Protein chains: 2
Amino acid sequence: MATSANQSRIGVPCLACPLRLKPAFKDKTDDEVRFIQAMKMEHRLLPAGADIIQPGQEDAALYTLFSGWAFRYKSLPDGRRQILNFLLPGDLVGLQASLLSAAQHGIEALTEVELCAFPRKRVWDLFVRMPSLSYEIAWLGSREESLIDENLTSVGQRNAAERIAALLISLHRRADALGLVSENSFRFPLSQQQLADALGLSLVHTSKTWAKLRRAGLFSVSGGRLTLLNPRLTARMVSLFERELEPRPLI
Amino acid sequence: MATSANQSRIGVPCLACPLRLKPAFKDKTDDEVRFIQAMKMEHRLLPAGADIIQPGQEDAALYTLFSGWAFRYKSLPDGRRQILNFLLPGDLVGLQASLLSAAQHGIEALTEVELCAFPRKRVWDLFVRMPSLSYEIAWLGSREESLIDENLTSVGQRNAAERIAALLISLHRRADALGLVSENSFRFPLSQQQLADALGLSLVHTSKTWAKLRRAGLFSVSGGRLTLLNPRLTARMVSLFERELEPRPLI
DNA sequence: CGGAGTGTTGAGGTAGCTCAATGTGTGTGG
DNA sequence: CCACACACATTGAGCTACCTCAACACTCCG
């Protein structure tokens, strides 16, 4: 769970970053990309379950998630844990931790992950020298907050089935924007316990509700992949107003 | 509820801003304050219940809350509503809304409020010309996210009594940092319905749990003010690890 | 083969829900 | 001055969504 098996290696140069080509991301000028590349400290590879940022850590770096999934969480002293949000490729990892003096949360790799690491100290530098990038960092921070707002609303107002549906829809749309969905099917690496911690439900009730929705034909799971059998219906369950997924910055 | 009774008037010049003198806020250079003052569009006075930002609004300005309380919320189509967080003097209002293309939430005045309004279009300007301020805006965004993380953890993991205690402690500490607390007593303008919407509980259960904690001697209410009778005990109920409240930027 | 991690299911308890009645303070119009 | 409406708080009664405890199955791995 806590092993920090960081295996440094040379990553792809940012100018040739395959992530950057996806339509989910806004274009950057060559200047901006060169700045990002110069700022990049290392390319880290971590196994599933590794701690990316520890709660209370004071020297956390800033990362961009290059591949894999991760999640932010907060624990109470008695062991209860809330998963705050999930991180998918292209998301900033540890912005809050790198701006505030100490991390108020933990971040853990959900699958094997690749991270582009930027030294904490150079974030200030970026704000001074690259206003366009600093604006986009603030934008990405606001976008993350917006996702957490959605989760809080789910946990505070929706029942178990609605919460599951809302989470699936949200993950489906985010994965889709990254081109990770084919025929409504995408990799789904969450354990039931992690699901429960994200939904604010007990493990048992999560499992039962999950099974019920599966039997009701909402989705199917096989080989670590999840298929939404009727995305429209699922979306209607949580009465989403469909928000545009506009291209976002990639730092 | 929705009347926009904005009565423009000359506010205090930012250089002489009384809020800025409080120890809760970091010092700024004269240059920075002058920039903020030049950017300030107007000083708005709104009555309790007024909409500051409407859900979906696309041209929301950025504000600093000068006096009074407000809250951010998100509504579901069937009327359920989640209060995401409360805003106290010195907090940025509408950062998310002014960065993203449309507000994903609403913001409502809880009491009469005074707002320092900054035009949305000049936020970009600020990032270009004032790196120190843009860094601090990002910092304040992260701080707000951290508060929402705490609320999400509360709603997802704590029972009704713990949620109330956590909310009271959090508000008490924030009000205290602003010098708004005397003898553990501070203004408390929330209705039970608003309390319920913030806690993710029904109105009835909120009222019953509230009464139980009051009878148990945790706090008392009179004249719109709330007194924490045993802050230590209350804090222990939610097992907070006491975080420093370091001075924060005031834009 | 044994143990650990994960998922499923049943049984029974309770925290929190809905419905409904009542009280209380405040503003408004006659 | 009273009558009335309205918003807000309180309390009781009964229901259920979700909880905990517990047993069992499956897979992976040493």
Side-chain angles (χ1 to χ4, degrees), chain A residues 1-3 47-50 76 78-83 108-111 154-167 188-216 219-226 237, chain B residues 1-3 47-50 76 78-83 108 110-111 154-167 188-216 219-226 237-238:
Chain A
M1 184 92 62
T3 57
L76 298 181
D78 62 5
R80 287 178 284 181
R81 178 178 78 160
Q82 178 67 38
I83 290 184
E108 187 177 315
L110 186 56
T111 65
S154 231
V155 172
Q157 303 298 327
R158 296 201 245 247
N159 66 27
E162 291 172 323
R163 287 184 217 181
I164 290 177
L167 180 62
F188 194 81
L190 305 203
S191 72
Q192 303 263 3
Q193 183 63 63
Q194 288 159 344
L195 212 37
D197 288 346
L199 299 171
L201 296 171
S202 73
L203 174 60
V204 173
H205 194 61
T206 300
S207 177
K208 285 175 178 169
T209 310
W210 182 261
K212 192 163 65 179
L213 293 184
R214 189 154 30 75
R215 278 187 226 112
F219 61 89
S220 66
V221 187
S222 92
R225 293 180 68 84
L226 184 143
M237 277 192 62
Chain B
M1 186 86 64
T3 59
L76 299 183
D78 61 4
R80 288 178 283 180
R81 178 177 78 160
Q82 178 67 37
I83 291 185
E108 185 177 316
L110 187 55
T111 66
S154 232
V155 172
Q157 303 298 326
R158 297 201 245 248
N159 65 28
E162 291 172 325
R163 286 183 216 181
I164 290 177
L167 179 62
F188 195 82
L190 304 203
S191 72
Q192 303 264 5
Q193 183 62 65
Q194 288 159 343
L195 213 36
D197 287 346
L199 299 171
L201 297 171
S202 72
L203 175 60
V204 174
H205 194 61
T206 301
S207 178
K208 285 174 178 168
T209 310
W210 182 260
K212 191 163 67 179
L213 292 185
R214 190 154 28 76
R215 278 188 225 111
F219 61 89
S220 65
V221 187
S222 92
R225 292 180 68 83
L226 185 144
M237 276 191 64
V238 296

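Here is the naming used below: chain letters follow the sequence lines, and residue numbers restart at 1 for every chain. Model, not experiment: these values are computed from the prediction.
Panel note: side chain A/Arg158, backbone A/Arg163; no donor-acceptor pair is recorded below 3.5 Å. Although no hydrogens or angles enter the test, the distance criterion places a donor-acceptor pair under 3.5 Å between the side chain of B/Gln82 and the main chain of B/Asp197.
Distance CD (A/Gln157) to P (D/dC18): 13 Å, rounded to an integer number of Å. Straight-line distance from the CD atom of B/Gln193 to the C1' atom of D/dA9: 11 Å, rounded to whole Å. For the pair A/Ile164 CD1 and D/dC18 P, the computed distance is 10 Å after rounding to whole Å. C/dT6 atom P lies 12 Å from atom CG of A/Leu110, rounded to whole Å. One can place CG of A/Leu195 at 20 Å from P of C/dG5, the figure rounded to the nearest angstrom. Atom CG of B/Leu213 is separated from atom C1' of D/dT10 by 15 Å (rounded to the nearest Å). Atom CG of B/Leu203 and atom P of D/dC8 are 10 Å apart (whole Å). Between A/Lys212 atom NZ and D/dT16 atom P the separation is 13 Å, expressed in whole Å.
Ranking C/dG7, C/dA20, C/dT9 by closeness to the B/Val204 side chain, first place goes to C/dA20. Listed nucleotides: C/dT9, D/dT10, D/dC18. Nearest to the side chain of A/His205: D/dC18. Checking C/dT9, D/dC18, C/dG16 against the side-chain heavy atoms of A/Asn159 singles out D/dC18 as nearest. If you check C/dT6, C/dT8, C/dG16 against the side chain of A/Ser207, the one that comes closest is C/dT8. Side-chain proximity of A/Lys208 to the nucleotides C/dT8, C/dA11, D/dT11 is greatest for C/dA11. Side-chain proximity of A/Arg215 to C/dG16, D/dT10, C/dT9: nearest is C/dT9.
B/Phe188 and B/Trp210 have parallel rings, their planes meeting at less than 30° on a 0 to 90° scale where 60° marks the start of perpendicular.
Minimum heavy-atom separation, A/Leu201 to A/Ala160: CD1-CB, 3.6 Å. The two atoms that bring A/Val155 and A/Leu199 nearest to each other are CG2-O, 3.7 Å, heavy atoms only.
Among the heavy atoms of the strands lying under 4.0 Å from A/Ser202 is at least one base atom, whether or not backbone atoms are also near. Counting any heavy atom pair closer than 4.0 Å across all strands shown, B/Leu201 reaches sugar-phosphate atoms only and no base atom.
Under 4.0 angstrom from either OP1 or OP2 of C/dT8 there lies at least one side-chain N or O belonging to A/Gln192. Residue B/Arg214 has a polar side-chain atom (N or O) positioned under 4.0 Å from OP1 or OP2 of D/dT10.
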